[in-house]
Amino acid sequence: MRPKFTAMNTNDSDKNSWLSRTIRPGHSLAVLLPIMATVFIAFLVIGIAMPVLPLHVHHGLELSTFVVGLVAGSQFAAAIASRLWAGRYADASGAKHAVIAGLIIAASGGLLYFLSLRFVAMPAISVTILLLGRALLGVGESFIITGAQSWGLAMLGVENTSKVLAWIGSAMFGAFAAGAPIGTALYARYDFPGIALATTLLPLATLLLVVPLRRTPSTVRARTGLLKVMAAVWVPGVGSALSSIGFGAVIAFSALLFVSRGWPAWPAFSLFALAFILTRLFLGHLADRFGGAKVALICVIVEAAGLGLMGLAPGLALALAGAALTGVGYSLVYPGLGVEAVHRVPAQSRGLAMGAYTAFLDVALGFGTAALGLLASVAGLNAVFIVSAVAALCAAPIAASFLRASARRMTRTSLAACG
């Protein structure tokens with residue numbers, strides 16, 4: 001059941017949205033483009049590190065696959081602690097200020113990357129500093145993406161929730177896709193110092209794009225309690241978390257899986273991200289049009305099929321096909337279930353809602369990725385993708401429950417109209 005505050009507060013606030021009354025549908029992309037560009041440049045730092053961080057930790061520092069999973073997941077674990085903080089900050093201080101704060105924090109993480117290199121001869125110390133740097137990146141990423149989502153929702157209104165989440169997410173994953181080959185090239189030529197330098201400079205360069213942009217006013221008028229917001233978003237959040245375990249498998253272990261089979265390290269994630277981006281760009285509106293639960297239900301099944309294929313494929317072509325299917329499937333689960341989450345909260349708490357909803361994704365990536373690393377050390381890399389496929393399938397009943405609830409509401413509405 002939706003919280004009682006939903007319908008009244010959401011509709012009233014959208015009438016007062018600072019841009020939703022003036023933007024025509026065809027101009028949505030133009031309005032979001034500066035925010036998407038900001039997200040793209042900022043998230044290049046994460047994309048650059050994705051294919052090479054496991055190699056640096058496993059081959060450079062000679063640490064176990066469990067530590068690889070721990071390092072990859074620590075960014076998301078730190079984001080768990082900061083998502084609600086980022087959401088409150090975006091609601092109270094404005095989305096633009098949240099993005100700026102995130103960029104500064106992310107650049108600080110790059111400086112810790114540099115510091116970790118001074119202790120390569122002592123892997124335990126080096127990886128500890130690296131974990132702290134990843135944690136700062138997690139906090140910075142939390143502020144950047146939560147602020148960007150809140151910024152987009154303030155501009156286009158709640159009726160375009162799926163479009164905002166899909167397109168801003170496309171910019172993020174576009175950065176991941178572009179960052180993978182860039183990171184591979186930097187690592188091959190300059191080793192990990194090149195990655196550290198890019199991680200420090202890119203967020204600072206992004207500030208030059210953000211500062212001139214027009215800010216949106218803060219939305220806090222009557223603060224909604226955290227427990228009410230969590231009650232509204234936790235079910236779609238769990239569904240998003242289950243589907244995101246597969247994403248954690250791809251970012252942390254696809255490079256190791258491909259290298260172990262004698263294939264190039266970077267194409268799997270790049271193809272995953274490319275399929276993800278194209279699906280969101282061309283089909284990102286589907287959840288707004290047909291319902292988030294219906295789109296999410298179909299997509300988790302597609303994602304599970306792709307993950308299973310990656311784990312079992314005997315050849316490179318089939319494994320890449322699995323990566324593409326995983327990208328297509330995963331692409332619309334987050335915005336689909338995000339529609340269900342956002343429609344359950346008032347406008348003045350959408351930043352908090354986005355933070356709370358995305359925190360479930362962080363739980364999956366922060367703890368799930370570390371667990372997958374332990375699984376890989378015991379059962380092998382193939383098992384990581386099979387288990388992730390099963391987790392994605394477990395999100396299907398959650399999406400189906402929203403479909404049943406929607407059908408019941410429609411039935412009650414029809415009976416009331418007939419009566």
Would you name the heavy atoms of [X] and [Y] that are closest together and state the gap between them?
X    : Y    : answer
A249 : V384 : CB-CG1, 3.7 Å
A356 : M230 : CB-SD, 3.5 Å
G246 : S388 : CA-CB, 3.7 Å
A148 : I35  : CB-CG2, 3.7 Å
T200 : P203 : O-CD, 3.6 Å
G179 : L44  : N-CD2, 3.9 Å

Just by modelled atom types, is the [Y] backbone N or O under 3.5 Å from a matching donor or acceptor in the [X] side chain?
X    : Y    : answer
N160 : L153 : no
N382 : L312 : no
T358 : G355 : no
T199 : I195 : yes
S93  : A90  : no
K96  : V211 : yes
S401 : I398 : yes
K163 : D288 : no
S331 : V328 : yes

Validation row: [X], [Y] side chains within 4.5 angstrom (heavy atoms):
X    : Y    : value
R118 : I129 : no
M172 : F40  : no
I145 : R83  : yes
P236 : S240 : no
L278 : F282 : yes
S377 : S64  : no
W151 : V164 : no
V127 : S116 : no

For [X], look at atom [atom1] and say whether over 12 heavy atoms of other residues, nucleotides or ligands are found less than 6.0 Å away.
X    : atom1 : result
W85  : CH2   : no
R261 : CZ    : yes
F367 : CZ    : no

Query raised in the report: Charged N to carboxylate O below 4.0 Å: is that the case for R134 and E141?
Result: no
Are Y357 and W234 close enough that their ring centers fall under 6.0 Å? no
Would you check, one step at a time, whether the test side chain to side chain contact (heavy atoms under 4.5 Å, CB included) holds for L307 with I386? CA-CA 7 Å; L307 288 165; I386 302 303; over 6 Å; no
Rounded to the nearest 0.5 Å, what separation is found between the [atom1] atom of [X] and the [atom2] atom of [Y]?
X    : Y    : atom1 : atom2 : answer
L337 : S243 : CG    : OG    : 7.0 Å
L103 : L207 : CG    : CG    : 5.0 Å
L361 : I245 : CG    : CD1   : 10.5 Å
L130 : L117 : CG    : CG    : 8.5 Å
L242 : E303 : CG    : CD    : 10.0 Å
L137 : L132 : CG    : CG    : 11.5 Å

inquiry  = Could you go through L256 and L55, starting from their C-alpha distance and side-chain angles, then the distance that decides it, and tell me whether this counts as side chain to side chain contact (heavy atoms under 4.5 Å, CB included)?
reply    = CA-CA 8 Å; L256 293 179; L55 301 177; 4.2 Å; yes
Between H56 and Y187, how do the two ring planes meet: parallel, tilted or perpendicular, split at 30° and 60°? perpendicular
- Query: So T326 and F276, side chain to side chain contact (heavy atoms under 4.5 Å, CB included) or not? Walk me through it.
  - Reply: CA-CA 8 Å; T326 304; F276 180 102; over 6 Å; no
inquiry  = Quick one, V99 with F143, criterion side chain to side chain contact (heavy atoms under 4.5 Å, CB included). Give me CA distance, side-chain angles, the key distance, then yes/no.
reply    = CA-CA 6 Å; V99 173; F143 273 73; over 6 Å; no
Notebook entry, point to check: Between Y330 and S244, do the side chains contain an N or O donor and an N or O acceptor separated by less than 3.5 Å?
Noted result: yes
